[in-house]
S.K.: 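Provided herewith is a single structure, encoded as structure tokens, for subsequent inquiry.
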Amino acid sequence: MGKLILVGAKVTDGRAAPEVATIVVEGGGITEIRPKGAPATEVGPEDRVVDLAGHLLVPGLIDAHTHLFMSGDIGSYEKELLKDGVPLRTLRASAHARLAIDNGILTVRDVCTEGAGYADVALREAVRAGVCEGPRILPSGPGISITGGYLPQGFAPGVCVPSGCALVDGEDAARREVREQVSFGVAWIKVFADWFATDATTGEARELPTFTRPELSAICDEATRRGVKVAAHVTSDAGARQAIACGAASLEHMGALSRETLDQAAARGIVLVPTLAVVENMLETATDDKKRDRAKRRVDEARAAFGRALASGIAIAMGTDIGAYPHAKSSRVEVGYLVDYGMTERAALLAATRVAADLMRLTQTGSIAVGATADLCAFRGETIAASLTSAQPSLVVQGGRVVRDRLRQAC
Ligand SMILES: [Zn+2]
């Protein structure tokens, strides 16, 4: 197979402003980057030249927080767990994985299958083997919380329902669960470091840390010993403080985290994955005034917390919580929200590429550099947020292979 030569696009991976350059791809990797004005690369009879004039060429996007095994239909959580079952959900997950490629999302960290066990590990293997199409998947399998600390909730005593994640109580059980999950092939451990509990007196739901400190420390310690990292769902300051102290590598969601908590996380090199699209989606889909008011409060809270996060200097990776809303919406919208909430366009692109890759210890992807894996996508337009969020990419290159080519339709 010859070289793939991409010409005419403005190229950026977020580290510098977009500039016209020629990118040469061979054997799955980027072998040459020729700035505008440099002598043209030699074109052999086997080579393919693709004219990307009018396009922005960026690294394949990385979503650090997905749920491929959830459809995101409103009110469908219990239906999916209790009625649909794992085989049907796995077939849907395969379609969601294909949709990610359509949108230029070439790597995902899937943080909890929500009752589908290790089906994400199976999907990763199927994609690796070419059985089905999809992004590079870093699976976390079942996720972990405590008894009473996750969904589905509210069933009568004695009614057996499947759990949305593995439930552990006590340090030994926590440690054993990590060992088991690693043995079944997870790349990450996902914990629910806080969750809603109903106040027995007022009946109001409030977020409380789930694990005891020794339990969460045991999880993080065992994960470290087994060579994987811990992603912690946190929407409360108390939950986040515990996750930070115990050794989580990333804080998922953001809630109304305080500046002090964000400073602590930043000082330890912990990455924030703020998942703005899911909060905005609540507002977009609110069906009555009460839900709209609640969603509006969450959006305002997120905007304020994101401002504090930027001021703290914490590393921010793009994660979308897609699957908590329909996959048709696409992870690409998050880039627009990151900019709308106050990030520069280049910082938002870095969040969706290099920073997310660093978090996942993927050294060969997330940037456009000689020697990097050729995961690339070209969007019509020239500015980052507008190009990435308007239409699907015209060209998607995965590991050096063109897997989507809409250039003719796009012209
Ligand atoms: Zn999530």
Side-chain angles (χ1 to χ4, degrees), residues 62-78 80-81 89 92-93 96-97 99-100 105 107-117 119-120 123 135 137-145 149-153 163-167 181 186-196 207 210 229-236 239-240 243 248-255 257 270-282 285 295 298-299 301-302 305-306 316-327 329-331 333-334 337-338 351-352 356 359-360:
I62 302 176
D63 187 341
H65 189 124
T66 65
H67 297 285
L68 291 171
F69 287 79
M70 297 300 295
S71 70
D73 295 334
I74 292 173
S76 72
Y77 190 88
E78 285 170 11
E80 291 194 47
L81 267 73
R89 293 179 61 199
R92 282 196 201 120
H96 299 152
L99 199 53
I105 314 293
T107 303
V108 302
R109 188 180 57 151
D110 203 61
V111 281
C112 187
T113 57
E114 309 290 343
D120 55 352
L123 184 59
I137 298 172
L138 286 91
S140 67
I144 309 176
S145 188
Y150 200 53
L151 301 168
Q153 283 175 318
S163 174
C165 73
L167 304 177
Q181 293 196 3
V186 302
W188 275 79
I189 295 294
K190 164 73 180 288
V191 294
F192 294 88
D194 56 27
W195 195 252
F196 296 93
E207 294 138 310
T210 47
K229 298 202 277 187
V230 176
H233 163 112
V234 293
T235 55
S236 71
S250 65
L251 303 180
E252 310 296 310
H253 316 300
M254 188 170 51
L257 294 190
I270 294 169
V271 175
L272 178 68
V273 184
T275 66
L276 306 175
V278 69
V279 181
E280 290 281 347
N281 188 67
M282 277 176 211
T285 57
R298 293 279 304 273
V299 167
E301 236 173 51
F306 195 74
I316 294 174
M318 184 187 85
T320 63
D321 218 0
I322 200 160
Y325 52 90
H327 289 260
K329 186 164 180 179
S330 171
S331 302
V333 298
E334 185 80 9
Y337 290 128
L338 290 169
L359 172 64
M360 298 179 203

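Both counts, for ligands and for their atoms, begin at 1 and track the order of listing.
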S.K.: Among residues at least two apart in sequence or on other chains, which ones pass side-chain contact (heavy atoms from CB on, under 4.5 Å) with Ile270?
M.R.: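 If we apply the side-chain contact (heavy atoms from CB on, under 4.5 Å) test to Ile270, skipping adjacent residues, the hits are Ile244, Leu251, Ala265, Arg268.
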
S.K.: Answer yes or no: is there a donor N or O on one side and an acceptor on the other, between the side chain of Asp63 and the main chain of Thr320, under 3.5 Å?
M.R.: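 Judged by distance alone, yes, a pair lies under 3.5 Å.
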
S.K.: Using side-chain heavy atoms (C-beta onward) and a distance below 4.5 Å, is Ile189 in contact with Ser140?
M.R.: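 No, side chains not in contact.
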
S.K.: Can a salt bridge be assigned to the pair Glu252 and Arg109 using a cut-off of 4.0 Å between side-chain N and carboxylate O?
M.R.: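 Result for this pair is yes, salt bridge flagged.
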
S.K.: Under the criterion ring-ring contact (aromatic ring centres under 6.0 Å, His included), I'd like the reasoning laid out for His67 against His96: C-alpha separation, chi angles, the key distance, then a yes or no.
M.R.: CA-CA 9 Å; His67 297 285; His96 299 152; over 10 Å; no

S.K.: Quick one: name the protein N/O/S atoms under 2.8 Å from the Zn ion (ligand 1), chain by chain.
M.R.: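 Less than 2.8 Å away from the Zn ion (ligand 1) sit His65 NE2, His67 NE2, Asp321 OD1.
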
S.K.: Between the side chains of Thr275 and His65, is a donor N or O closer than 3.5 angstrom to an acceptor N or O?
M.R.: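 No, no side-chain donor-acceptor contact under 3.5 Å.
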
